[in-house]
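Single-structure report; data block below.
All chains are named by letter (A, B, ...) in the order of the sequence lines, taking the proteins before the strands, and each is independently numbered beginning at 1. Values below: every heavy atom of this structure, side chains too, minus hydrogens, waters and symmetry copies.
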Amino acid sequence: GVGTASLALPPASLEAPGSVQQLPVPGRDSPVARAHRGLTLPTVSHYRLFPKALGRLVAALGVRELHLALTQGFWRTRYWGQPPLQAPAGAELWVWFQPTVTDVDKAWKELSNILSGIFCASLNFIDSTNTVIPTASFKPLGLANGTDHHLLRYAVLPREVVCTENLTPWKKLLPCGSKAGLAVLLKAERLFHSSYHSQAVHIRPICRDASCLAVSWELRQTLTVVFDFFSSGQGKKDWSLFKMFSRTLTDTCPLASQSKVYVDISPKNKEKELLEVSPAPTSVHEAIVQGDKKTYAVYDLLSPSLFNTSRSLNVQLKWKRPQDTEMPIPTLHAQRYVGGYGLQTGEICTLIYNTHPYRAFPVILLETVPWYLRLYVHTLTIITKGKENKPSYIHYQPAQDRRRPHLLEMLIQLPANSVTKITIQFERALLKWTEYPPDPNHGFYVGSSVLSALVPSVTAMKDMDVEQSPLFASLFPSSDGSSYFVRLYTEPLLVNLPTPDFSMPYNVICLTCTVVAVCYGSFYNLLTRTFHVEEPSRGGLAKRLANVIRKLRGVPPL
Amino acid sequence: MAVVFGPGSVPGDLPRPLPFRDVQEMEISVNLRTSVTSRYEMRFRSTTAQEEAALAAATAREADAALHPLQNTALGSLTMYVLPETSSLLPQGTNVYVGKHRSALVRAGGSLAALQARLREVTQVMSFTASSIAAALSDRVPDGQLSPDARRYLKSSLGYEITFSLLNPDPKSHTVDWDIEGAVNRYVKPVLDKLSLVANFSVDSQILYYAVLGVTPRYDKESSSFLLSAHSLPHVINPVEARLGSSAASLYPVLNFLLYVPEHSHSPLYIQDKDGAPVSTNAFHSPRWGGIMVYNVEAPASPQASLPLHVDVDMARVMEVFLAQLRLLFGLSQEEVPPEFLLESPGNEGLADWELDHLLWAHTVENIATVSTTLTSLAQLLDKIGNIVIKDDVASEVYRAVASVQSAVTELSLGHLHGAFQASKEAVTSSERAFFDPSLLHLLYFPDDQKFAIYIPLFLPMAVPILLSLAKIVRETRLRKKEPTKMD
């Protein structure tokens, strides 16, 4: 948030008009939804706002829910606060299929191939070696009847580089494209000049209205960008829309039913008037977001008064005096790194922090490790406050070489105000020489591990907040007022594997060939030369030289 | 084909008494190596009592309806009813009436020769002509010989995807609504139900906003309207095409039908033909791609009317144009019909039975040609790469394709159109599956010249002493020849 994180802009303020087409969900577990779990998903062939390419995909492959995120950079939870919707670096795809799909693996393969075409991403590299079937971490976010996890597939490609060519198809999915509305701000040259860029597409079935007699498909497109103004703005943290996007807002997408910009102006440390925004917002909205009371300045682009005074809207935020208050440390955050030395063994360490002063809560940890790091499960240790912490649920699926990765899911109880250290040792496998990717000395990525938790909130929340403002109706419904759902991703790891010298085969061929050829040459000469006795020579070099001189002098030679 | 003589229509110079059989063969040469033989087996007979009663109807349409249950309904079969020259069933000046199904009413025309010439014309209209066969085999026909229309027809495929797109480049001024679902059910579905014999069809629609044409129309002061000239039409589609979205989920060809509602600042917009006259339908089509129609919004009565204007598209008008374009794209135009012919309108189905046959004949021939091309290319690939591995399943697909294509040719020569078409479809499926099998990828095989290059470090040093000694031998023999015997 602007006011909150010293460096970050509220990313959700860029919520695209495409998501406005359907009403926000009352929540997966609302009594209405529960009563209508037998509803069938609609099949659509006539599209108005929903993009046809995705609609056809959903219909053809029996998709119930689809979540795709393409991310460049890493969200630093410790410094930037709780992310609105985090995604791991690279590409992340998780899909729930309908129970009618008989061959889920085939549909998954086909789906990733088609998505890779639509979004110009290398999602076609998703195969059985990086796909897992989590049992507890990922639940359907839309209407669902039955959560048989065999219909779920999850894959992360941490090596994927996200750039302009992925943004263009994402913008094309919006009904107004980048021609009108908030999306005119999305210029690639600015968006990728940032510390964090994450674009996502979420498709899920939701109730069409409050009575929930019919089901609609919801497409939610989110874009999260973090601009670092402290380092690029000579130590100043002031920002404006024009400074960020080199554009200002002039109009709305005519199809949008809502088009709003929210700026986080929450006061901190009880001190007021630290910052000011201009022009004056159309309204001020107070909400409890992720357990924290926040104040937002709202610019409603659809309100006629906004564009009356000036033709364009350039939201500006200025700090009244230089302030260096630290971000409050989020209740849950985590860290991961590779330990050990040498190229044979190593250790993956994960540190999970619970900074809540008095409440403990459980967290589900999902760890996906490629098969070429052979995990030693007996070395798994979980230590909290110097004591061993026994997980209440463990699901471990060992890897099979070249077939599937390791999957480790654990439910761990985090005591209040504690650090939990999870370590597991591994051995590095030797790959076949054709299995190395280009530039193998760069190292091999291990995807982020996923933490899912219901974090107890410090401030009590009211359910109705969520329904009033669709911006903060996160994908995850909150079960009750006292806690909120958080999904965090840790850093991806970069692990070096023993790498051979790839020019070696050719060098060996060259060397042996030369040796064989030299041997052959001398043998050949020995066998084919004719030897004969040489007659005594005409004399040495001195004699010949003397003869030449004598010839010049006209004297007969020796 | 059955030729049925009504009372008083039998020509005097029949070679044999009725009923009898006759076979006519004709060869259509496509190129130097390919030719198609058309063979008509005609059965001449006189009418039965039921048929006579049906022919006594007041109009040709009623007679056609009454005769329909009495006919052979196999695909590709035809029934001709010969009427006396003076019959009042056909209107004045019309000699042939082609019905909705697989029959025609023909005036006798006096002599047998005149009747046979007329029958030949009718059969060509109702089944196939040399030009429709040439269009189906357009890949093999030398360029100059093909009519420009032939390139317009869609290639034969197992399925087609039809996409209707409403382009609204100016959503600020127009909110456009179209009842596409109702229109598809009412107008498109009956046609596709009939065409389902030919291929699988899927229909969908979308609305695209801010999708503009690639050409800025010219303002015409006289009519105070905007004009798109014929020569600029090829440039119209490109920017739109990027927005249409490819059909990622299937491999069938897509037929696009676009309804373009021009921007408020470019309305009304008219398409001009080559002579500069406005096109009455305000639409054009692009060969093998689809069609575009410009739908002008009526200017509001008062200029102060607030934007956006609400527009409800008149789907009957739009679908009329799109269905005509669909027929054109499938090569079902009726331009080649001689003037004394009267064609019954196919009604709601949009397609007469004999037109379906027309399509099936052409697609069967095209499928057979495609299979032969595919298998030839596969054989050429195998010739080029000697060590390619043909897996058993690929081999069986090839065998199946060859068997199916042979059975298609046999069925075709027997006149069993339906069987021939099914067999040709199977042959296409099998041959494509064999050809596109991932194991036959050219790049999977290491070229021989590169293998040689790797062992150059071996071959080169080994070759040097051999070459040197060869040179030495040559030098010595030459020396020996110059001085033959120097021996004592």
Ranked by heavy-atom pairs below 4.5 Å to chain B, first place among A:L255, A:N525, A:L111, A:L115 goes to A:L255
A:C513 pairs by side chain to side chain contact (heavy atoms under 4.5 Å, CB included) with which of B:L458, B:I454, B:I456, B:L460?
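Output: one option passes, namely B:L458.
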Side-chain donor/acceptor of A:K172 to backbone N/O of B:A242, under 3.5 Å
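A pair under 3.5 Å: yes.
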Taking atom [atom1] of [X] and atom [atom2] of [Y], what is their separation to the nearest 0.5 Å?
| X | Y | atom1 | atom2 | value |
| --- | --- | --- | --- | --- |
| A:S45 | B:I162 | OG | CD1 | 12.0 Å |
| A:S178 | B:Y210 | OG | OH | 11.0 Å |
| B:K172 | A:K179 | NZ | NZ | 12.0 Å |

Quick one: closest heavy-atom pair of [X] and [Y], and the distance?
| X | Y | answer |
| --- | --- | --- |
| A:G521 | B:P465 | CA-CG, 4.0 Å |
| B:R243 | A:P175 | NH2-O, 4.3 Å |
| B:S205 | A:H46 | OG-ND1, 2.8 Å |
| B:L244 | A:K52 | O-CE, 4.1 Å |

Counting heavy atoms not belonging to [X], are there more than 12 under 6.0 Å from its [atom1]?
| X | atom1 | value |
| --- | --- | --- |
| A:Q98 | CD | yes |
| A:F523 | CZ | no |
| A:F502 | CZ | yes |
| B:Y187 | OH | yes |

Examine whether an atom of A:D251 lies under 4.5 Å from a heavy atom of chain B, and if so say whether it belongs to the side chain, the backbone or both; otherwise answer neither.
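For A:D251, the side chain is the part near chain B, not the backbone.
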Begin from the C-alpha positions of B:I466 and A:Y520 and carry the test side-chain contact (heavy atoms from CB on, under 4.5 Å) through to its verdict.
CA-CA 10 Å; B:I466 299 177; A:Y520 170 83; 3.2 Å; yes
Under 4.5 Å heavy-atom distance to chain A, tell me which part of [X] shows up: side chain, backbone, both or neither.
| X | result |
| --- | --- |
| B:V184 | side chain |
| B:S202 | side chain |
| B:T175 | neither |

Let me see the working for A:R48 and B:D177 under side-chain contact (heavy atoms from CB on, under 4.5 Å), right down to the final yes or no.
CA-CA 10 Å; A:R48 269 170 42 75; B:D177 267 333; 4.1 Å; yes
side-chain contact (heavy atoms from CB on, under 4.5 Å) between B:Y209 and A:C253, intermediate numbers included:
CA-CA 10 Å; B:Y209 301 93; A:C253 171; over 6 Å; no
